[in-house]
Number of protein chains: 2
Amino acid sequence: MLIDGLQCGHFDRDAFEALRRGNVGAVTITAGFWEDVTESLDSIGRWRDLCTANADIAEIARTAADIRRIAGEGKLAIIIGFQNTELFGNRIRLVELFAELGVRSVQLTYNNQNCYAGSCYEAEDSGLSRFGRELITEMNRAGILVDLSHVGNGSTLDAVRFSKKPVAVTHANADSLFPHKRNKTDDVLHALRDNGGIIGCATYRNITGDHYCATIENWCTMVMRTVEIAGIDHVGVGTDRSHNFTKPDYDWMRMGRWTRGVDYGAASAAKPGKAAPPDWFPRVEDIGKIEGGLAAVGFTPEEVAKITHGNWLRVYEAVFAS
Amino acid sequence: MLIDGLQCGHFDRDAFEALRRGNVGAVTITAGFWEDVTESLDSIGRWRDLCTANADIAEIARTAADIRRIAGEGKLAIIIGFQNTELFGNRIRLVELFAELGVRSVQLTYNNQNCYAGSCYEAEDSGLSRFGRELITEMNRAGILVDLSHVGNGSTLDAVRFSKKPVAVTHANADSLFPHKRNKTDDVLHALRDNGGIIGCATYRNITGDHYCATIENWCTMVMRTVEIAGIDHVGVGTDRSHNFTKPDYDWMRMGRWTRGVDYGAASAAKPGKAAPPDWFPRVEDIGKIEGGLAAVGFTPEEVAKITHGNWLRVYEAVFAS
């Protein structure tokens, strides 16, 4: 069974079925990037409708026990995540309310500095702000996982050290293996280990590189090297796979309402469009190759279980309210 | 024990203590008039803070069982109500989400026609709209009481007949006893009886009149006459008492953001200010006179129990999710 720490895009029944064919038991979805309070409630409503309409194969999970039960029934557990904090409308009291509505993972910021933290793309990373500390305390209390993937390395380090609960870099790679602003430096990965947290290794080509995208063996070797840095208990999978994503989705994700210009996120002016999936991962169900791939590069069955789902479950159990 | 179907204003510890001195076991408060989605979430957050800060004497109730337990512990049960539908942002999917956050009573409209229904102050009452029917179905499903107090009599009649669950006129009087646009005609009260619903008799002078405000005996005689119209199982108390209300509160309540002019609500240009409370009800704790007053005008102990709390509890049990 695989738990994927982050996917995005427009899920549908085909996506759910493909994920199940790939033996995915749980996935954290992206319910919003720049959506404000009301739009985020809309999004939660739509996710409920989608899961109700596909109740035979998908169900929203609120606890680690839910995930175990749903996956055990052969269905896909949906963990509601947001890749930005816009849903909270800069209001500390809304954290608890969104937690009650099932939100379980929220990234401190998406690409841009905000009132909580600096982003991986800012020239200067502010570090965690006063409000950022308040937010993490509140997310810890309310049972929402702090996601630091697009957060700057300085702010990430602050947040990892400040959080009383394990945190996650749900979808990124080690910067020492593939240098990219979106990837995490070794000091961050060491702090993550000390915090009891987790990094979900990504398959998004722009932050993974062609070499690790060439074969499943190469990608699993990258995971092994990440384990050497962060430790076997602190590495999982967070593919960053998107479903049914088209140009308007990329435009919204990258530009939101914050610029009249163009922003490329992890892409570039030279390669502005949709990045090709890894060569070994053309179809969604190819995600199922990961488990065998990890064994093939030398992980023991116990280690494979930790990377594919055990580490995520441990973090979820520590963070989510039961 | 008294259940008050509607109060408003800025509650504080003094108000909670005064209500307890008046033997009030539960009260539906007004968490919003014109507050939008985000502002309504703010308001829920503030109500949680207020109840947390006064946890020894007040607690938010979500079920009829909660009310019985909280009142049984000598505390005040807070039922979260809104006097308008603005919190839903014209989004059907937000009904379920607000219900999960503890909202238990929502008035279809406050003084003005909206997308759901006509108001008591419109020249033409549209009746219940298409969206209005959808909303009532959703509120029935989600466990939120449909409040029809400021709704036009025509729309009220439509709603009472359409709702599959009992509805409430949480704070109004019988128009045949004191004619006022805010009060309910006998056909509405008969329909309310057939629906299994309830009217909470008000003490707000502008819709009660000086005579019924003069003595507790007069007011309880009004209740008796209301029982003659609606039936002993369908009358309760909904004082419409406000706490710490000042001019900016009246301005917000009456004008919200919908006019640059002046609106008087149930008041008038001749008497624009705060209406004096009934002569028998100068202090909040005088609400405790109601129970004895009802017995004094000839209600049996069983009838007094129905009017003071039993009827509200029956409606709450039928409507709220358990």
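Every heavy atom of this structure was used, including side-chain atoms; hydrogens, water molecules and symmetry mates were not. Chain naming here is simple, since letters A, B, ... match the order of the sequence lines and numbering starts at 1 in each.
For chain B, the nearby part of A:Leu94 is the side chain; its heavy atoms alone come within less than 4.5 Å. Interface residue A:Ile44: only side-chain heavy atoms are found under 4.5 Å from chain B.
Of all non-hydrogen atoms in B:Ala159 and B:Leu148, the two that sit nearest each other are CB-CD2, 3.6 Å. The two residues A:Leu145 and A:Ala168 have their closest heavy-atom pair at CD2-CB, 3.7 Å.
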Test log, rule side-chain contact (heavy atoms from CB on, under 4.5 Å), inputs B:Ile144 and B:Val319 | CA-CA 7 Å; B:Ile144 298 179; B:Val319 173; 5.9 Å; no
List the steps and the verdict of side-chain contact (heavy atoms from CB on, under 4.5 Å) for A:Val315 and A:Leu313.
-> CA-CA 5 Å; A:Val315 170; A:Leu313 279 173; over 6 Å; no
Walk me through it: do B:Phe82 and B:Val103 pass the test side-chain contact (heavy atoms from CB on, under 4.5 Å)?
-> CA-CA 8 Å; B:Phe82 282 79; B:Val103 175; 3.7 Å; yes
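The aromatic rings of B:Phe88 and B:Phe98 sit perpendicular, their planes meeting at an angle over 60°, well past the 30° parallel limit.
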N/O donor-acceptor pairs between chain B and chain A, cut-off 3.5 Å:
| from | atom 1 | to | atom 2 | distance (Å) |
| --- | --- | --- | --- | --- |
| B:Asp42 | OD1 | A:Arg91 | NE | 2.7 |
| B:Asp42 | OD2 | A:Arg91 | NE | 2.8 |
| B:Asp42 | OD2 | A:Arg91 | NH2 | 2.8 |
| B:Arg48 | NH1 | A:Glu96 | OE2 | 2.5 |
| B:Arg48 | NH1 | A:Glu100 | OE2 | 2.5 |
| B:Arg48 | NH2 | A:Glu100 | OE1 | 3.0 |
| B:Arg48 | NH2 | A:Glu100 | OE2 | 3.2 |
| B:Asp49 | OD2 | A:Arg93 | NE | 2.5 |
| B:Asp49 | OD2 | A:Arg93 | NH2 | 2.9 |
| B:Arg62 | NH2 | A:Glu100 | OE1 | 3.2 |
| B:Arg91 | NE | A:Asp42 | OD1 | 2.7 |
| B:Arg91 | NE | A:Asp42 | OD2 | 2.8 |
| B:Arg91 | NH2 | A:Asp42 | OD2 | 2.8 |
| B:Arg93 | NE | A:Asp49 | OD2 | 2.5 |
| B:Arg93 | NH2 | A:Asp49 | OD2 | 2.9 |
| B:Glu96 | OE2 | A:Arg48 | NH1 | 2.5 |
| B:Glu100 | OE1 | A:Arg48 | NH2 | 3.0 |
| B:Glu100 | OE1 | A:Arg62 | NH2 | 3.2 |
| B:Glu100 | OE2 | A:Arg48 | NH1 | 2.5 |
| B:Glu100 | OE2 | A:Arg48 | NH2 | 3.2 |

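Interatomic distance, B:Leu87 CG to B:Leu41 CG, rounded to the nearest 0.5 Å: 8.5 Å.
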